[in-house]
There are 2 protein chains.
Amino acid sequence: MQISRATEYALLGLGYLAKKNGVAASAAEIGENEKLSVYFLRNVFQKLRDAKLITTKTGEGYLLAKKPQQISLKDIVEAVEGPMNIHACLQKKNTKCVRSGGCKILKTWGGIQEKFLAELQKVRLTDLI
Amino acid sequence: MQISRATEYALLGLGYLAKKNGVAASAAEIGENEKLSVYFLRNVFQKLRDAKLITTKTGEGYLLAKKPQQISLKDIVEAVEGPMNIHACLQKKNTKCVRSGGCKILKTWGGIQEKFLAELQKVRLTDLI
DNA sequence: TTGCTTCTACACCAATTTTGTGTAGAATAC
DNA sequence: GTATTCTACACAAAATTGGTGTAGAAGCAA
């Protein structure tokens, strides 16, 4: 299991913004300073904007929408990767599981996922810079 | 983030073996009963064998190598997906990170990963069937 | 021995996801 | 108006995942 590069882009980009402390930074500037593909960065930041973690100003760049303290790692990961679902049941929704142990497995993963998300929630952007 | 289908195959297959309680089951039998691709199942079981979670007997099938109580979810996940590494640093090994917040991020993910693995370690195959 | 079953160790391929590129256009500031 | 930068796509290369196929070896039983 791996955290995707997209999430890493988000963390580095947001970290950069946090350090600018309220001053907007363009995709070009962030890419330059953090050695990231500007093109890919733009895609990732679009998702962060959709999730309202940043605001944008055409002609100026990106800004954090909240204080770094108020942005959790969970917020970031979910913004970039979509709502997390550690275990994807092979079964289609609304059909009864045909497998011998299916549901027990699902419940177990559910518990693990909850704890994992709780850990992500604890970490704030301020802890990463 | 998602658990791969391969892991799901492993869990279902191992669960099936656990229920057979010491009687060997062939890939064909497991595939039939759990509604899984026999071809893919074979690939996954090869990995479980390399990790010594199961033993094989040509002509008969697969057997658990240990008691279900002694096989943890961590064992299974690591056997199938390889040693886990939640965060893959963009940086090449042995080069200093050029990014502004890189190392802090890496350390944080490391801690989260440890807790996650500890959770997986707690769960035994017996808990899944 | 022969025949049957089943695993083994590949190689291969299709589908999907991830990562990255490119561009026309709209918004904003100066 | 001009320069800058985001926006909303579409596109494509690369990597991964999921799945298929096969020749061969190993074990077992008659």
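Each chain gets a letter, A, B and so on, in the order its sequence line appears, and its residues count up from 1.
- Residues B:Lys52 and B:Ala65 approach most closely at O-CB, 3.4 Å, considering heavy atoms.
- No continuous path of ILVMFWY side-chain contacts below 4.5 Å connects B:Leu63 to B:Val38, so the two sit in separate hydrophobic clusters.
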(Q) Strictly under 4.0 angstrom, non-hydrogen atoms only: write out the protein contact profile of nucleotides 3-13 of chain C, one letter per nucleotide from the 5' end, B, S or -. (A) --BBSBBB---

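- In this structure, A:Met84 and A:Leu120 approach most closely via the heavy-atom pair CE-CD1, 4.4 Å.
- Regarding A:Leu41, its CG atom lies at a distance of 18 Å from the P atom of C:dT18, rounded to whole Å.
- Atom NZ in A:Lys47 sits about 13 Å away from atom P in C:dG20, given to the nearest Å.
- Between B:Phe40 atom CZ and D:dG18 atom P there is a gap of 5 Å when expressed in whole angstrom units.
- Results of the side chain to side chain contact (heavy atoms under 4.5 Å, CB included) test with B:Ile54 over B:Gln46, B:Arg49, B:Lys47 single out B:Arg49 as the only residue that passes.
- Between B:Thr7 atom OG1 and A:Ile105 atom CD1 the span is 11.0 Å, to the nearest 0.5 Å.
- Listed here is the closest heavy atom pair of A:Asp127 and B:Lys104: O-CG, 3.2 Å.
- The side chain of A:Ser4 places no N or O atom within less than 4.0 Å of a non-bridging phosphate oxygen (OP1 or OP2) of C:dT17.
- Residue B:Arg5 contributes atom CZ, which lies 14 Å from atom C1' of C:dA14 at whole-angstrom precision.
- Taking side-chain N and O atoms only, B:Tyr9 has a distance below 4.0 Å to OP1 or OP2 of D:dG19.
- Following rounding to the nearest Å, A:Tyr39 (OH) and C:dG20 (C1') show an atom-to-atom distance of 10 Å.
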